[in-house]
There are 2 protein chains.
Amino acid sequence: MANINEVAEVAGVSISTVSYALSGKRPVAPDTRRRIEAAVLELGYSPNAGARMLAGSRTQIFALTEPLRNDTHAPTHMSFVLATAIAARRNDYDILLLTDEQAQAGMSRVAANGLVDAILVLDVAPDDPRVALARQISTPTVFIGIPDDHDGLVCVDLDFEAAAARAVDVLVDAGHASIGLVGQTETAYVKSNFPPRVRASVLARAGERDADVAHGTSGIKHADRAWVRRTTGDLLAGGATALILHCSDEAHSAVLAEIESRGLRVPQDVSVISVGASFDTTALPVSVDSIPLVPQTSCDLAVELAIQALGPDRPEPGVRLIAPTYSPQGSVAPPATPSSETAAS
Amino acid sequence: MANINEVAEVAGVSISTVSYALSGKRPVAPDTRRRIEAAVLELGYSPNAGARMLAGSRTQIFALTEPLRNDTHAPTHMSFVLATAIAARRNDYDILLLTDEQAQAGMSRVAANGLVDAILVLDVAPDDPRVALARQISTPTVFIGIPDDHDGLVCVDLDFEAAAARAVDVLVDAGHASIGLVGQTETAYVKSNFPPRVRASVLARAGERDADVAHGTSGIKHADRAWVRRTTGDLLAGGATALILHCSDEAHSAVLAEIESRGLRVPQDVSVISVGASFDTTALPVSVDSIPLVPQTSCDLAVELAIQALGPDRPEPGVRLIAPTYSPQGSVAPPATPSSETAAS
DNA sequence: TTGAAAGCGCTACCAC
DNA sequence: GTGGTAGCGCTTTCAA
């Protein structure tokens with residue numbers, strides 16, 4: 001591996017000129033620049049990462065803490081890891097992955113040894129232990145998700161509350177007065193921050209709009225197909241004419257299977273809206289209206305904030321909520337049997 | 001962040017003694033050592049990562065290249081990423097995650113700038129482009145999986161061929177003469193290295209043992225429940241008295257559902273063996289005999305080889321196959337209707 | 001527009 | 001058993 005001295009020698013300039021030519025932090029004569037670029041190419045030169053870390057003040061590495069617990073929904077979590085990595089690379093950053101117990105221990109470690117410029121936190125629990133860590137260390141930290149206690153933290157997330165409220169509004173506006181919510185696994189309501197937010201918001205908005213809501217989960221630890229079908233059946237039997245789905249890919253398909261097996265059609269007999277899905281709801285057996293959770297959007301913003309935190313004007317602590325978007329797919333219609341005659345008159 | 005000078009000052013020793021006390025590369029008097037440790041604790045000292053990289057010759061970072069394509073089975077891939085991270089940390093290494101297009105571009109980059117000591121390759125395709133890259137760079141590279149062209153490479157993997165052959169042997173030994181293989185998705189046979197290896201080995205061994213084999217897949221890109229049930233039905237209708245499953249968690253459960261819905265029992269009417277599963281087959285509706293793929297085993301060995309590659313005696317290039325283990329769960333029995341009377345006599 | 005040189009914080013060699 | 005110090009390869013003043 002060639003170093004900056006060899007490049008300087010070949011190009012016939014000093015090493016500082018090489019450095020400035022490559023960083024662009026100082027104007028370099030066009031001709032000089034060309035000779036340097038030629039030398040770089042010829043030698044296959046690439047600035048040594050360790051030396052840059054030491055001399056410069058940036059490591060060009062972000063830590064990503066993501067426990068990757070095995071009771072989590074792998075595809076969703078993988079999407080976020082991937083989206084974070086993509087967002088980071090767009091800004092010339094690499095991702096150091098801290099999983100398992102290292103999600104916590106590693107955070108302190110890399111903050112202490114200066115391996116990373118900032119830390120991104122995924123899979124945020126309501127009472128996440130990484131909150132306390134983030135407050136102790138001086139390395140800028142951005143949460144993708146909102147812990148209960150987020151005082152002084154920088155957090156980014158989809159506005160799940162608004163998304164849930166919007167779903168209720170759409171259904172009530174269409175004439176539905178009884179709504180079923182097929183939620184996440186029971187574990188998710190304890191270990192994750194957003195399932196309770198969606199549920200609370202659905203209940204609150206339904207209350208405001210005078211609609212009934214019943215809530216069911218999609219399993220214990222993992223989405224359970226039979227469980228989901230039972231939940232769906234119970235909700236429909238309970239009089240729900242519309243369903244809000246806040247659950248996994250497979251759970252969505254189980255819901256649709258149950259609806260179909262009951263001889264019901266979407267949207268004529270049952271209206272369906274998906275909330276917070278990070279997969280393609282148009283690839284389901286029946287296309288479903290969606291207020292999606294787009295990992296790339298959250299992760300792009302998180303990376304942007306992390307980078308901003310390294311500059312002179314650090315971002316204000318606080319929660320940044322991403323406005324939800326509604327993607328209609330024709331899975332919502334007025335109820336077949338209006339719940340009240342007055343509504344139809 | 002305190003540096004080594006401050007520690008030396010507080011402890012009343014020279015910085016070299018501090019360095020040696022911490023690395024243990026030179027004997028240090030017990031008393032001196034204690035004073036240094038006290039100073040380290042007091043100052044919260046942690047050696048600067050960049051400085052260590054530059055001065056020492058180790059970065060204590062491995063790159064992990066894993067494309068994380070969205071047509072892959074997320075849970076399996078996540079297990080491997082997690083297992084790699086755990087194995088790495090056990091050896092004081094961190095993992096730099098290279099995904100997406102960075103799985104390739106990043107490999108050259110980190111090899112050139114010396115950010116990592118070695119590279120671990122996951123999700124290996126039969127014609128993986130990272131093979132060519134690995135040959136170009138001087139950074140030690142270990143493949144977890146076996147590309148078609150693996151000349152001169154260090155590869156680690158479960159011995160899928162032996163696992164598949166073993167499954168056939170167990171079934172034939174139990175009296176089965178007609179076996180069905182429920183395989184992976186069609187995409188997997190093109191994009192991954194091991195599905196073809198399992199299929200080929202099942203066919204070959206069945207040929208040697210004079211058993212019939214029929215093969216079906218579990219979907220196009222993603223395991224498709226209805227597809228799997230159809231495949232299963234076809235295999236059973238075709239006369240198979242035993243099934244070898246080399247497919248996802250969900251596909252396993254779909255197979256069992258189809259068997260049950262046909263009024264058949266495991267193992268009385270149908271014997272079942274799972275090959276290369278990295279999930280718990282005893283958690284299925286019916287416990288299934290398994291010759292599992294244990295990510296941690298492969299990843300531990302890969303990390304061990306990577307570390308060895310940094311020392312004086314670099315490992316020989318070549319494929320390291322991990323011997324499969326058979327875990328009986330009572331899902332194999334002699335066929336209900338012996339395929340030949342002679343076998344029963 | 002360019003160059004010289006002082007570090008950045010360690011590791012490891014050479015002395016004692 | 002311990003200390004001094006020369007780098008590691010870069011970034012960034014300070015001078016010209």
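Letters A, B, ... mirror the listed sequences (proteins, then strands); counts begin at 1.
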**Student:** Sequence neighbours left out, what passes ring pair (Phe, Tyr, Trp, His ring centres under 6.0 Å) with F62(A)? Give chain and number order.
**Tutor:** Y93(A)
**Student:** To the nearest 10 degrees, what angle separates the axes at the start and end of the helix from dT1(C)-dA16(D) to dC16(C)-dG1(D), five pairs each?
**Tutor:** 40°
**Student:** So which of residues 30-43 of chain A are in contact with DNA chain D, with a heavy-atom cut-off of under 4.0 Å?
**Tutor:** none
**Student:** Check whether any side-chain heavy atom of V154(B) sits under 4.5 Å from a side-chain heavy atom of R320(B), and report yes or no.
**Tutor:** yes
**Student:** Do T17(A) and S14(A) have side-chain atoms, one donor and one acceptor, less than 3.5 Å apart?
**Tutor:** yes
**Student:** Would you tabulate the side-chain donor-acceptor contacts of residues 74-81 of chain A under 3.5 Å, counting partners in other chains and residues two or more places apart, or write 'none'?
**Tutor:**
from: H77(A); atom 1: ND1; to: E66(A); atom 2: OE2; distance (Å): 3.0
from: S79(A); atom 1: OG; to: P75(A); atom 2: O; distance (Å): 2.8

**Student:** Classify every nucleotide of nucleotides 9-16 of chain D by which part a protein heavy atom approaches to under 4.0 Å, writing B for the base, S for the sugar-phosphate alone and - for neither, in 5'-to-3' order.
**Tutor:** BBBBBB--
**Student:** Just checking, is any N or O donor in the side chain of T65(B) or R130(B) under 3.5 Å from an acceptor N or O on the other one?
**Tutor:** yes
**Student:** Please determine whether a side-chain nitrogen of the Lys or Arg among D100(B) and R69(B) lies less than 4.0 Å from a carboxylate oxygen of the Asp or Glu.
**Tutor:** no
**Student:** So do the side chains of V121(A) and I144(A) get within less than 4.5 Å of each other, counting heavy atoms only?
**Tutor:** no
**Student:** Using side-chain heavy atoms (C-beta onward) and a distance below 4.5 Å, is T32(A) in contact with V13(A)?
**Tutor:** yes
**Student:** Considering all heavy atoms of both residues, which atom of A87(B) and which atom of N91(B) are nearest to each other, and what is their separation?
**Tutor:** O-ND2, 2.9 Å
**Student:** Supply the atom-to-atom distance L82(A) CG to T99(B) OG1, rounded to the nearest 0.5 angstrom.
**Tutor:** 5.0 Å
**Student:** Under a criterion of less than 4.0 angstrom to any heavy atom of chain B, what are the 5'-terminal and 3'-terminal contacting nucleotides of DNA chain C?
**Tutor:** dG9(C) to dC14(C)
**Student:** Any side-chain donor-acceptor pair under 3.5 Å between N113(B) and S46(A)?
**Tutor:** no
**Student:** Tell me the closest heavy-atom pair linking P67(A) and L122(A), and the distance in Å.
**Tutor:** CD-O, 4.0 Å
